[in-house]
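Everything numeric in this text was worked out from a predicted model, so none of it was measured. Here is the naming used below: chain letters follow the sequence lines, and residue numbers restart at 1 for every chain.
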Amino acid sequence: MPDLAAMNASPTWWVLGESAAGELSAVPLTRSGEAGPVVPLSPAALAEFVAEREAAESPRWVWSDTPHWYPRLLEAGVRIARCHDLRLCHAILALSERVADPVPLRTALEWDAGPTIPVAAARPEATLFDFGVPAAGPDSVPHSLTAALAEFARQRAAEATRRDLGLLLAAESAGALIAIEMATAGVPWDVAEHDRLLAAELGPRPAPGVKPQAMLTVGEEVRAALGDATANLDSPPKLIRALRTAGVDVASTSQWELMEHEHPVIAPLLRYKKLARLLTANGWAWLDEWVHEGRYRPVYVPGGVVTGRWASSGGGALQLPRQLRPAVRADPGWRLVSADVAQLEPRVLAAYAGDRALAAAARGADLYTGIVETGAVATREEAKFAMLGAMYGATTGEAGRLAPRLRRAYPAAMGMLDRAASTGEQGGKVATKLGRTSPPPSPEWAAEQSKASMPGATLADEARARRTARDLGRFTRNFIVQGTAAEWALAWLAGLRSRLWELPLVTDGPHAAASGRVFSRRAHLVFFLHDEVIVHAPAEQAEAVATAIRAAADDAGQLLFPGAPVDFPLDLRITERSDAK
DNA sequence: AAAGCTCGCGCC
DNA sequence: AAAAGGCGCGAGCTTT
């Protein structure tokens, strides 16, 4: 049984609170909402108390903000199974509405036996906005027991007036736990290998304030080709002027524009830009700041993107260049078990829309080849461009040209995308499969639209309104796919997390050096990026971990799309060193 | 000097 | 290669 469903059926809660003076307390809540006696806790007693209750009844811990509470538990060696993160759940509930499905999406589901969405106006209720700004950051929400109890009560009441959000709230909260756990464990990082990579590209580490040798050399080549010995290559405006003086007529210094020109300066300049990027984004300064004791610890921000994707704020986990992947290296006696989902988003689209033809194309390991085999388009590349274009709202170019053929071949999937776009263009909200709702358009957007429809509107007003309407349509079109894919990934992660916890503790093998008390002797998640995970595992458990990753993917598919004939094949590797693909 | 902006480019 | 959705981050540059 998928773990999230079990989590959703949790019978009891413990609500944690912290006063401004740092005094801690806990209150048990029954399923009917009855509170038990308040248990005051000293800071030293918190972890032990949590561990006891966790072992006895495996409750759901209700707290203000996972980054505020969980690190101290992990530090004390206490891992919990589930929580309810009030800040994250607040953000979901505050946007959600009980409306006829914001896009009539579920009507397209042929195989979903789930409940239909009741159509009823939302009742007036205690506002969810009392809880402060639902943004990430220290103390962006109150941590007191009083505030937590009141907010939790509001959220329970709000849940009752909205579509069924239990799974989404459980998944979002599980993600919050995982983000902290991954930060605690860290990605095993081979600093020497990273340094070798840097040295091979840039030359040895220069003194502070000095450019690496390779950049100096290539920079001179660029200046020679420009015929300008003092050209500044690091300032785009100055570089544009230098290029123009040398006869290269560019409007920007972006690489795709540069590549359109034939000139001796182009090749060395592109090379220079690559080196500069490597140095500034992932050079020695990055190593010093983000890798300590052989562990890379970026800061993940679960729910940081409106679609439900995670964001990051520090360390750049979302932009880790493929070039640097070889620096990810398992500890001695350990392995990296890496997996990513092939074409997650179109598969999610097929399942969500109940598109049997697209589901059939997705049956094999490669969805794009499947599309070609059904005869919709001629080549795999065409299939990929057409599909991505359809999900992102491309109207011109190759993707726009191929769109009608996809519409004929996959009417359910394309119809759902088109309806989501149309809803957005009219200022409406759309929703993901588990019920995450798109944000309403800004007041400025609405004002712009109404202005354009008033008498006296200029052609420019109308053109601008049409453009911003289409922009919003492209956003809502993509929202339903990106957001539902994020939900699939969360379910995958959460299921994997509990499966990993069920693996036996390693007692006699080598332990993971800097992974924290909880994870040094067991397989643990260390990296997540939209549709990809890396687990750091004792070598003898690597196969079991691979099985767990596959099983969790199957569970996630069935949890989101019960009965859907859409599979989510994984590209799975067991290695000592992560490789650039 | 700090804050906020755009540009360019890395990831999915 | 192309063109579209979502991001973070560093650099230069401008504003406060």
Check: Over how many whole Å does the gap from A:Asp418 atom CG to C:dA4 atom C1' extend?
Finding: 14 Å
Notebook entry, point to check: Between C:dA1 atom P and A:Leu388 atom CG, what is the distance in whole Å?
Noted result: 14 Å
Notebook entry, point to check: Is the shortest side-chain N/O distance from A:Thr307 to OP1 or OP2 of C:dG6 below 4.0 Å?
Noted result: no
Next item on the list: Verify, without hydrogens or angle tests, whether A:Ser312 (side chain) and A:Gly314 (backbone) share a donor-acceptor contact under 3.5 angstrom.
Entry: no
Next item on the list: Write down the distance between CG (A:Leu406) and C1' (C:dA4), rounded to a whole number of angstrom.
Entry: 14 Å
Item checked: Distance test, side-chain N/O of A:Thr396 to OP1/OP2 of C:dA4, below 4.0 Å -> yes
Check: So, do A:Tyr392 and C:dG5 meet the stacking rule of ring centres under 5.5 Å and planes under 30°?
Finding: yes
Margin query: Is a donor from one side chain sitting under 3.5 angstrom from an acceptor on the other, for A:Gln426 and A:Ser422?
Written below: yes
Notebook entry, point to check: B:dC9 P sits how many Å from A:Glu257 CD, rounded?
Noted result: 11 Å
Notebook entry, point to check: Do A:Gln449 and A:Thr468 have a side chain donor and acceptor closer than 3.5 Å?
Noted result: yes
Note to self: Can you measure A:Leu269 atom CG to B:dG8 atom P for me and round it to whole angstrom units?
What the structure shows: 12 Å
Note to self: Please determine whether side chain to side chain donor-acceptor pair (under 3.5 Å) holds for the pair A:Tyr272 and A:Asp234, giving the CA-CA distance in whole Å, both sets of side-chain angles, and the decisive distance to 0.1 Å.
What the structure shows: CA-CA 10 Å; A:Tyr272 181 87; A:Asp234 302 315; 2.8 Å; yes
Notebook entry, point to check: Can you tell me if A:Thr66 and A:Asp85 form a side-chain donor-acceptor pair at under 3.5 Å?
Noted result: yes
Notebook entry, point to check: Can you give one letter per nucleotide of nucleotides 7-16 of chain C, 5' to 3': B if a protein heavy atom sits under 4.0 Å from the base, S if only from the sugar-phosphate, - if neither?
Noted result: SBSSSSS---
Item checked: Member of A:Arg347, A:Arg363, A:Arg550 meeting the salt bridge (Lys or Arg N to Asp or Glu O under 4.0 Å) criterion with A:Asp567 -> A:Arg347
Protein N or O to nucleotides 1-5 of chain B N or O, pairs below 3.5 Å:
none

Check: Under the side-chain hydrogen bond (donor to acceptor under 3.5 Å, both in side chains) test, which residues partner A:Ser235, sequence neighbours left out?
Finding: none
Margin query: With a 4.0 Å limit, can you tell me whether A:Arg322 has a side-chain N or O closer than that to the phosphate oxygens OP1/OP2 of B:dC12?
Written below: yes
Notebook entry, point to check: For the pair made of CG in A:Leu258 and C1' in B:dC7, what is the distance, rounded to whole Å?
Noted result: 13 Å
Notebook entry, point to check: What's the closest nucleotide to the A:Arg309 side chain, out of B:dC9, C:dG5, B:dC11?
Noted result: C:dG5
Notebook entry, point to check: A:Phe527 pairs by side chain to side chain contact (heavy atoms under 4.5 Å, CB included) with which of A:Val328, A:Ile534, A:Leu336?
Noted result: A:Ile534
Next item on the list: Verify whether one side chain among A:Glu381 and A:Tyr368 offers a donor that lies under 3.5 Å from an acceptor in the other.
Entry: no
Item checked: Side chain of A:Ser252 - closest among C:dA2, B:dC12, B:dG8 -> B:dG8
Next item on the list: Provide the full list of side-chain hydrogen bond (donor to acceptor under 3.5 Å, both in side chains) pairs with a residue in residues 220-230 of chain A, sequence neighbours left out, each pair given once.
Entry: A:Glu220-A:Arg223, A:Asp228-A:Thr230
Notebook entry, point to check: What is the nucleic acid contact for A:Lys274, judged by heavy atoms within less than 4.0 Å: base, sugar-phosphate only, or nothing?
Noted result: sugar-phosphate
Margin query: Any side-chain N or O of A:Gln255 below 4.0 angstrom from OP1/OP2 of B:dG10?
Written below: yes
Note to self: Starting the side chain at C-beta, find the nucleotide from B:dC9, B:dC11, C:dG6 nearest to A:Asn478.
What the structure shows: C:dG6
Notebook entry, point to check: Is any side-chain heavy atom of A:Gln213 less than 4.5 Å from a side-chain heavy atom of A:Pro206?
Noted result: no
Please set out all donor-acceptor pairs under 3.5 angstrom arising from side-chain atoms of residues 274-284 of chain A, sequence neighbours excluded.
from, atom 1, to, atom 2, distance (Å)
A:Thr280, OG1, A:Ala276, O, 3.0
A:Thr280, OG1, A:Arg277, O, 3.4
A:Trp284, NE1, A:Asp195, OD1, 2.7

Next item on the list: In whole angstrom, give the distance that lies between atom CG of A:Asp571 and atom P of B:dC12.
Entry: 13 Å
Next item on the list: In whole angstrom, give the distance that lies between atom CD of A:Gln482 and atom C1' of B:dC11.
Entry: 12 Å
Checklist line | Nucleotide-level pairing of DNA chain C, given in dot-bracket where Watson-Crick and G-U pairs need both distances under 3.5 Å and | marks other strands | finding: ....||||||||||||
